[in-house]
Amino acid sequence: MAAPLELSCWGGGWGLPSVHSESLVVMAYAKFCGAPLKVNVIDNTWRGSRGDVPILTTEDNMVSQPAKILNFLRKQKYNADYELSAKQGADTLAYIALLEEKLLPAVLHTFWVESDNYFTVTKPWFASQIPFPLSLILPGRMSKGALNRILLTRGQPPLYHLREVEAQIYRDGKECLNLLSNRLGTSQFFFGDTPSTLDAYVFGFLAPLYKVRFPKVQLQEHLKQLSNLCRFCDDILSSYFRLSLGGISPAGQETVDANLQKLTQLVNKESNLIEKMDDNLRQSPQLPPRKLPTLKLTPAEEENNSFQRLSP
């Protein structure tokens with residue numbers, strides 16, 4: 001009997017089994033190859049410290065990062081690329097590299113750096129999934145990590161300023177979406193009628209961008225103009241994720257989304273209030289503690305006091 005496989009990942013919303021791209025990649029691949037994963041959704045009882053999910057756990061192993069998890073599943077005979085040719089395998093690696101170089105920075109910026117999106121959608125949602133007080137710390141740390149990753153790959157000469165970097169990464173992101181749309185064409189999946197690793201990666205990157213409701217939708221609007229990529233996401237959701245992780249049908253998702261929006265707004269207000277109170281405490285003048293005067297008793301009073309303590 002095979003060892004049980006457990007996947008720890010971020011949960012879902014907006015009709016998605018997960019709003020986290022890397023978690024979606026692994027979940028989709030497991031569906032494609034039939035790997036029997038037990039999904040453990042991070043909630044407000046989570047005791048992690050860095051947000052380094054998804055994590056695959058077995059009796060003897062703990063594997064993180066999508067590429068390493070997919071390689072581990074292949075070694076366990078769960079292979080979604082079994083029917084691919086050598087050329088198709090090489091194309092898979094090339095397109096995954098394209099996604100990570102061209103599209104990932106724009107997706108990270110949309111979620112974690114664009115201020116309107118971050119403060120109204122991303123931060124409240126992730127904070128609602130994390131236990132206090134980590135909910136006040138971890139979203140900001142993840143935002144800084146996303147910005148550092150963008151600047152590390154794009155903040156080189158002649159793009160010195162963040163505004164110039166933003167313009168370039170969105171141009172690259174739109175170009176990548178166009179290439180993916182042209183490659184997919186009218187096919188159901190990227191290599192015919194059977195989903196593979198490339199389909200899992202493309203779905204993981206596109207589905208959150210397609211479904212999550214942002215106030216700033218620059219890249220999202222471009223994606224929605226590419227009807228075959230939208231159809232691609234919808235087909236995978238309907239075929240492999242008919243029910244969300246909480247067992248909610250797509251028909252009832254509108255109510256869930258409305259409740260989630262109210263919850264995230266409340267969490268965001270509480271978080272901002274606590275941060276403001278913390279800042280006020282830091283800025284308030286700090287006075288040294290007062291020392292109470294020490295009263296000294298005369299020998300006669302000490303003797304009298306000792307008799308009173310001993311008396312019943």
Take L5 and L73, measure what side chain to side chain contact (heavy atoms under 4.5 Å, CB included) needs, and give me the verdict at the end. CA-CA 9 Å; L5 303 174; L73 292 176; 3.9 Å; yes
Decide if atom CD of E83 counts as having more than 12 heavy atoms of other residues, nucleotides or ligands within a radius under 6.0 Å. no
Minimum heavy-atom distance C233-L206, with the two atoms named: SG-CB, 3.8 Å
Within a strict 4.5 Å, meaning less than it, do heavy atoms of the L24 and P208 side chains meet? yes
Side-chain touch H109/L219, heavy atoms, less than 4.5 angstrom: no
Determine whether S85 and F191 make a side-chain contact, defined as any pair of heavy atoms from C-beta on separated by less than 4.5 Å. no
For the CG atom of L99 and the CG atom of L198, what is their distance to the nearest 0.5 Å? 7.0 Å
Just say parallel, tilted or perpendicular for the rings of F232 and F203, cut-offs at 30° and 60°. perpendicular
Classify the angle between the aromatic ring planes of F126 and W10 as parallel (below 30°), tilted (30 to 60°) or perpendicular (above 60°). perpendicular
Approximate separation, where rounding is to 0.5 Å, of L209 CG and H222 NE2: 10.5 Å
Flag the pair F214 / F111 as yes when their ring centroid distance falls below 6.0 Å, and as no otherwise. yes
Is L16 close to Y210 at the side-chain level, that is, under 4.5 Å between some pair of heavy atoms? no
Distance-only, no hydrogens or angles: does the S239 side chain make a donor-acceptor pair with backbone N or O of I236 under 3.5 Å? no
Please determine whether the number of non-hydrogen atoms from other residues, nucleotides or ligands lying under 6.0 Å from atom CG of D116 exceeds 12. yes
Can you see which heavy atom on G185 is nearest to which on R231, and at what distance? O-NH2, 3.9 Å
Answer whether the closest heavy-atom distance between the side chains of L56 and V26 falls below 4.5 Å. no
Between CG on residue L7 and CG on residue N40, distance to nearest 0.5 Å: 8.0 Å
Steps toward side chain to side chain contact (heavy atoms under 4.5 Å, CB included) verdict (E175, D172): CA-CA 5 Å; E175 180 184 358; D172 290 345; 4.2 Å; yes
Geometric class of the W125/W14 ring pair [parallel <30°, tilted 30-60°, perpendicular >60°]: tilted
Heavy-atom distance under 4.5 Å between the side chains of N71 and R74, does that happen here? yes
Euclidean distance, N61 CG relative to K68 NZ, rounded to 0.5 Å: 12.5 Å
Drop me the distance from I169's CD1 to I150's CD1, to the nearest 0.5 angstrom. 4.5 Å
With a 4.5 Å limit on heavy-atom distance, are the side chains of V212 and T122 in contact? no
Where is the tightest heavy-atom contact between L103 and G173, given as atom of each residue plus distance? CD1-O, 3.9 Å
Output yes when a side-chain donor or acceptor of S21 lies under 3.5 Å from a complementary backbone atom of G204, and no otherwise. yes
Considering all heavy atoms of both residues, which atom of S23 and which atom of H20 are nearest to each other, and what is their separation? OG-ND1, 2.9 Å
Side-chain donor-acceptor pair present, S181, N178, cut-off under 3.5 Å: no
Between S64 (side chain only) and I55 (backbone N and O only), is there a donor and an acceptor less than 3.5 Å apart? no
Do T197 and Y201 have side chains that get closer than 4.5 Å, going by heavy atoms? yes
Check: Q188 main-chain N/O paired with D193 side-chain donor or acceptor under 3.5 Å: no
Tell me, please, which residues at least two apart from T110 pass side-chain hydrogen bond (donor to acceptor under 3.5 Å, both in side chains). Y170
Q225 side, atom CD; K174 side, atom NZ - distance, nearest 0.5 Å: 8.5 Å
Stepwise, does the side chain to side chain contact (heavy atoms under 4.5 Å, CB included) test hold for D91 with F190? CA-CA 10 Å; D91 288 345; F190 280 87; over 6 Å; no
For I69 and Y29, what are the C-alpha separation, side-chain angles and deciding distance, and is it a side chain to side chain contact (heavy atoms under 4.5 Å, CB included)? CA-CA 10 Å; I69 294 175; Y29 183 88; over 6 Å; no
For W112 versus P139, what's the shortest heavy-atom pair and its separation? CZ3-O, 3.7 Å
Return the minimal non-hydrogen interatomic distance between Y240 and P195, and the atom names on each side. OH-CG, 3.4 Å
